[in-house]
S.K.: 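Below: one structure in structure tokens.
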Protein chains: 2
Amino acid sequence: MENYVNILRQHNLKATPQRAEITALLDRHGHLSIEELYELLKKKFHSLSLATIYKNINIMMENSFITEVKIPQQKSVYELSKEAHAHIVCQECNAIEDIHLNLEGVLTQASQKTTFHIDSAHLVLKGVCSTCRSAL
Amino acid sequence: MENYVNILRQHNLKATPQRAEITALLDRHGHLSIEELYELLKKKFHSLSLATIYKNINIMMENSFITEVKIPQQKSVYELSKEAHAHIVCQECNAIEDIHLNLEGVLTQASQKTTFHIDSAHLVLKGVCSTCRSAL
DNA sequence: TTAAATGCAAAAAATTTGCAGACGT
DNA sequence: ACGTCTGCAAATTTTTTGCATTTAA
């Protein structure tokens, strides 16, 4: 947990216990929605306010400490910022996995087909995870 | 406009004037947010209710007539459903362009790196359009 | 010690619902 | 004529804000 305190400070965020726990939860779970975070945080901080979560999510995003992942047909989830990567989401159980892909090919294609200068790519794949697939 | 009436009916939607106009606006503008739609619709239907927009957006999505496009750091926009394609968004002026890309390469990569069975891909590119670029 | 964070309550914004009257088919 | 849609008002849900108190540094 001392770990999380340091990484918070590196992002110019005061290391409060609530923030350390948010960090720990995101680290452990990978991706969590606001309500999921709230439910989990409340176990440790009984008097926790939703407002605190929103304020922290917002400042953590401003400081590029966490990133929002917008997923078609679902609520947004948040993750600790890391190098660019894609996501794959299970349509059955909503499990989310990070997946590192080489997008050079598509980015080259894209630059040829548009007059935009491209800065970043956000890719979300939808499918069915192996657990759900074997359960069918 | 007769056109829009037909395409609405093909999707099992009663062709009301409000719906025809929503269709026309999406067809003309490509991508619109809820508030943009509301502002534009109000010009034609002074007594229009936001509730009507929400109800229509929802039923149109259920009937796969329109599709929501979720964009990082911005409000969602809606478009008439068409064959799968990616989007490129200007960070300066929020302009959105459709872009058809061949994703075979990444999908192949992805299937090799995950145990998920992949059904669809949602790709949003971020960058700067040529107009904004020359304005810098 | 001081600026910033928390928690609470209230406010604002976004979305949904219920219902009476109007309208599409 | 029937079932659905619209518009309005009210209800929910989601997110933000203000302020007194606490707390990290």
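Just so we're on the same page: letters track the sequence lines, and every chain starts at 1.
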S.K.: Quick check on C/dT6: is either OP1 or OP2 less than 4.0 Å from any side-chain nitrogen or oxygen of A/N56?
M.R.: yes

S.K.: So which nucleotide from C/dG7, D/dT6, D/dT16 ends up closest to the side chain of B/Q18?
M.R.: D/dT6

S.K.: Report yes if the side chains of A/M60 and A/T23 come closer than 4.5 Å at any heavy-atom pair, otherwise no.
M.R.: yes

S.K.: Could you check how far OH of B/Y38 sits from P of C/dA14, rounded to whole Å?
M.R.: 13 Å

S.K.: Does B/T52 place a side-chain N or O at less than 4.0 Å from the phosphate oxygens OP1/OP2 of D/dG7?
M.R.: yes

S.K.: Taking for each residue the nucleotide of DNA chain C with the nearest heavy atom, is it A/N12 or B/I34 whose nucleotide lies nearer the 5' end?
M.R.: A/N12

S.K.: Please state how far atom CD1 in B/I53 lies from atom C1' in C/dT17, giving the value in whole angstrom units.
M.R.: 17 Å

S.K.: Given C/dT25, C/dT6, C/dA9, which nucleotide is nearest the side-chain atoms of A/R19?
M.R.: C/dT6

S.K.: Under 4.0 Å, counting only non-hydrogen atoms across every strand here, what does B/T16 touch: a base, just sugar-phosphate, or nothing?
M.R.: sugar-phosphate

S.K.: Are the side chains of B/D98 and B/H31 in contact, using a 4.5 Å heavy-atom criterion?
M.R.: yes

S.K.: Can you see if the side chain of B/Y54 gets near the phosphate of C/dT15 - specifically, an N or O under 4.0 Å from OP1 or OP2?
M.R.: yes

S.K.: Quickly work out the A/E21 CD to C/dG7 P distance and round it to whole Å.
M.R.: 13 Å

S.K.: Under 4.5 Å between side-chain heavy atoms, counting indirect links through other Ile/Leu/Val/Met/Phe/Trp/Tyr residues: same cluster for B/F116 and A/V128 or not?
M.R.: no

S.K.: Could you check which of C/dG7, C/dT16, D/dT15 has an atom nearest any side-chain atom of A/L50?
M.R.: D/dT15

S.K.: To the nearest angstrom, how far is A/L37 atom CG from C/dT6 atom P?
M.R.: 13 Å

S.K.: Ignoring the backbone of A/I59, work out which of D/dT15, D/dA25, C/dA5 is nearest its side chain.
M.R.: C/dA5

S.K.: Nearest heavy atom decides the nucleotide; on that basis, is A/K75 or B/P17 closer to the 5' end of DNA chain D?
M.R.: B/P17

S.K.: Indicate, with a heavy-atom threshold strictly under 4.0 Å, whether B/S47 touches base, sugar-phosphate, or nothing.
M.R.: sugar-phosphate

S.K.: Just wondering, do B/H87 and B/V77 contact through their side chains at under 4.5 Å, heavy atoms?
M.R.: no

S.K.: Calculate the interatomic distance between B/K14 atom NZ and D/dG3 atom P; express it in whole Å.
M.R.: 10 Å

S.K.: Taking only Lys NZ, Arg NE, NH1 and NH2, and the carboxylate oxygens of Asp or Glu, determine whether A/K75 and A/E35 approach each other closer than 4.0 Å.
M.R.: yes

S.K.: Classify the side chain of B/K55 versus the base of C/dG18 as yes if they form a donor-acceptor pair under 3.5 Å and no if they do not.
M.R.: yes

S.K.: Among D/dT6, D/dT16, D/dA25, find the nucleotide with the atom closest to the side chain of A/A15.
M.R.: D/dA25

S.K.: Would you call B/I34 and B/Y78 a side-chain contact if the rule is heavy atoms closer than 4.5 Å?
M.R.: yes

S.K.: Measure CG/B/L48 against P/C/dC23 and give the value in whole Å, please.
M.R.: 15 Å

S.K.: Does A/N58 make a side-chain N or O approach to OP1 or OP2 of D/dT16 shorter than 4.0 Å?
M.R.: yes

S.K.: Rounded off to whole Å, could you give me the CG-to-P distance for the B/L8 and D/dT4 pair?
M.R.: 17 Å

S.K.: Over how many whole Å does the gap from B/L13 atom CG to D/dT6 atom C1' extend?
M.R.: 15 Å

